[in-house]
Engineer: 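Attaching a single structure in structure tokens format; questions to follow.
These figures come from a predicted structure and were not determined experimentally.
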Amino acid sequence: MPATATATDPGNSRTRSWWGWGYTDAHPDDAECVEMGALLPGTLARPLPIPRVADLAIGSPAVEPPPSLAHLVTADPEARAAHAMGKAYRDVIRALRGRPGRIPDLVARPTDDQEVADLLDWAGAHQVAVVPFGGGSSVVGGVEYRGDAHRAVLSLDLTAMDRVLEIDAVSRSALIQAGALGPVLEEQLRPHGLTLRHFPQSFEFSTLGGWLATRAGGHYATVHTHIDDFVQSLRVVTPAGTGTSWRLPGSGAGPSPDRLFLGSEGALGVITRAWMRLQERPRYKASASVAFTDFQRALDAVRAIARSDLAPANCRLLDPGEALLSGASHDGSAVLVLGFESATAPVEDRLTIALDLARAHDGTGEAPKANGGAPADAAVSAWRSAFVRMPYLRDGLARMGAVVETFETAATWDRIPALIDAVRTEVGAAALKATGHAATINCRLTHVYPDGAAPYFTVAVAGRPGDEVAVWDDIKAAATDVLHRHRATITHHHAVGRDHRPGYDLQRPAPFALALRATKNALDPHGILNPGVLID
């Protein structure tokens, strides 16, 4: 049946920040920035001023679109600045220092597949690089142009294509345009009692197409951890033509066409719509936290839970530093945050079993109440609040001249302890060498599997004033080296972009690189699509 919900921006008329994370009214004020900076010796005495678009050197566009496309395109300086970069620390500090890099000449907002195809045809004929753009939340350099090999740069913003076009209640799936932001998408599914159930930290500020193009990981820690698991069919517009895969619950018919474009980051084509598998909205939820004095025992507990058939929605282990930072613990304990949910049955029994497994590994946590409700848990609430607030705090630290790097990975369980130790030791040493200051390095497990886990690291250190990008590059290089030596992936869910290219080049098999390059040449013969991402 057709979807009846209206594509709106649910909620608000708040202003998005062009240079930093999220909404401008949620950024820390100057006093809060100074308070945070005091926690990192060596930071600035006063925060850097909030950057203004008016202070950027934004020249006239190097090209003009033809009259037939002019209504889709703008050269407005504010729009161009907002589409120049993603939201990595590297992007934020460049904006604060007035060095945002190559600003796109034009921003286009197509409204349908044909307009996307027309824009690609024009760009290919005029040597214009095209960078697909959803919510702009990339933290790996995935939505910016680097270099000078193209005459001009067009940012292809898909957010005008934000409709749930059709809902198949029988198959419990929906046809959704790729430009739908997370809240916009969910608002259209809500009247039908359905949800995509994909909630990355960037949920408010990222789109379905962005999730698909980056193989994004969601909030849920086990089973369906990535957007891949919900894809039924994709429609992709490429310079070589437009294709749509069949809607199927599963297939063994050769290599999957969907897998070719999932994770392709706009380098092979523009995902414009997808049939997505949906779920009923959860009715039953329960959560609790477990404290551990021994981090290795906590790892053992998480592995046991991951290997059970309990399938927790949340199974995040915070090391003592991360637990302290989020307010989940103040006594030096590691904290495991557990959560269960279901649309069909109460989940307290599953939470009880998970808590029993955790206690068998020396964890301490309160069991659910017998009346069917889980106890209120201050640690869980503190972690949830910190999870949402953390990107804003990172930007506040950036204004104080701090270098804040986050990176995530995944490895098999046999490598996890040594990997975490090596990151703390070697990346810490690299940060000290680059800055002269000791770094704070925290770790949490964001997703867990029967055979391994996905550690997520945060590195914070006072930078060298005016030279923060170089410090960031040194830390990133050290982290990439550690991950490679421990056979840990360069990214579990943040994507490759341009920042992770060195690690990705080392990780992928040589024959696959040959095939990827040939595919790129076949689908994008003029080399205009997101140049520098995945492959040259």
Side-chain angles (χ1 to χ4, degrees), residues 16-21 51-65 69 72-109 119-120 122-159 210 213-214 239 265-267 270 398 466-470 472-473 476 494-502 504 520 524 526-536:
R16 286 279 304 273
S17 171
W18 73 269
W19 64 272
W21 186 262
R52 302 187 311 160
V53 172
D55 294 331
L56 301 178
I58 302 179
S60 299
V63 294
E64 290 187 9
L69 299 176
L72 302 175
V73 176
T74 181
D76 174 70
E78 298 244 355
R80 293 166 64 188
H83 288 75
M85 301 178 298
K87 302 302 182 186
Y89 169 83
R90 192 177 192 274
D91 305 326
V92 169
I93 197 66
R94 284 187 295 161
L96 287 168
R97 292 295 185 183
R99 302 191 290 264
R102 177 89 177 250
I103 292 174
D105 296 81
L106 300 168
V107 176
R109 290 188 171 87
L119 286 162
L120 294 185
W122 167 72
H126 293 82
Q127 297 180 314
V128 176
V130 178
V131 180
F133 194 99
S137 62
S138 171
V139 292
V140 294
V143 294
E144 68 175 279
Y145 181 86
R146 296 180 189 171
D148 56 6
H150 293 78
R151 180 184 175 194
V153 180
L154 173 74
S155 179
L156 188 69
D157 187 320
L158 297 173
T159 52
T214 60
E265 303 192 35
V270 180
D467 207 18
E468 294 91 352
V469 171
W472 183 94
D473 287 342
K476 174 62 79 174
H494 280 171
V496 174
R498 292 161 181 83
D499 296 337
H500 286 157
R501 265 295 302 278
Y504 180 61
K520 170 74 170 174
D524 183 21
H526 297 292
I528 61 169
L529 284 174
N530 215 1
V533 166
L534 298 183
I535 198 116
D536 293 325

Engineer: Any side-chain donor-acceptor pair under 3.5 Å between D76 and T74?
Structural biologist: no
Engineer: Restricting to non-hydrogen atoms, name the atom on L96 and the atom on P51 that form the minimum distance, rounded to 0.1 Å.
Structural biologist: CD2-CD, 3.5 Å
Engineer: Any sub-3.5 Å donor-acceptor pair from H150's side-chain atoms to G527's backbone N or O?
Structural biologist: yes
Engineer: In Å, rounded to the nearest 0.5 Å, how long is the span from CG of L154 to OH of Y145?
Structural biologist: 12.5 Å
Engineer: To the nearest 0.5 Å, tell me how far D499 CG sits from W472 CH2.
Structural biologist: 3.5 Å
Engineer: I need the I528 CD1 to L156 CG distance, nearest 0.5 Å.
Structural biologist: 9.5 Å
Engineer: Begin from the C-alpha positions of D91 and K87 and carry the test salt bridge (charged side-chain N to carboxylate O under 4.0 Å, His left out) through to its verdict.
Structural biologist: CA-CA 6 Å; D91 305 326; K87 302 302 182 186; over 6 Å; no
Engineer: Run the side chain to side chain contact (heavy atoms under 4.5 Å, CB included) test on L69 and L119 for me, step by step, so that the C-alpha distance in whole Å, both residues' side-chain angles and the decisive distance to 0.1 Å come before the verdict.
Structural biologist: CA-CA 7 Å; L69 299 176; L119 286 162; 3.9 Å; yes
Engineer: Where do E144 and R498 come nearest, in terms of heavy atoms and distance?
Structural biologist: O-CZ, 2.6 Å
Engineer: Would you please name every residue forming a side chain to side chain contact (heavy atoms under 4.5 Å, CB included) with R99, sequence neighbours left out?
Structural biologist: R97
Engineer: I'd like to check the side chain to side chain contact (heavy atoms under 4.5 Å, CB included) partners of P77; sequence neighbours left out, ordered by chain and number.
Structural biologist: V53, I58
Engineer: When you check the gap from the basic side-chain N to the acidic O, do D473 and K476 get nearer than 4.0 Å?
Structural biologist: no
Engineer: Using a 6.0 Å cut-off, check whether atom CG of D55 has over 12 heavy atoms from anything other than its own residue.
Structural biologist: yes
Engineer: Can you tell me how far CD1 of I93 sits from CG of D467, rounded to the nearest 0.5 angstrom?
Structural biologist: 10.5 Å
Engineer: Rounded at 0.5 Å granularity, tell me how far CZ in R52 sits from CH2 in W19.
Structural biologist: 14.5 Å
Engineer: State whether R501 and D536 are salt-bridged, where the test is any N-O pair (Lys NZ or Arg NE/NH1/NH2 against Asp/Glu carboxylate O) under 4.0 Å.
Structural biologist: yes
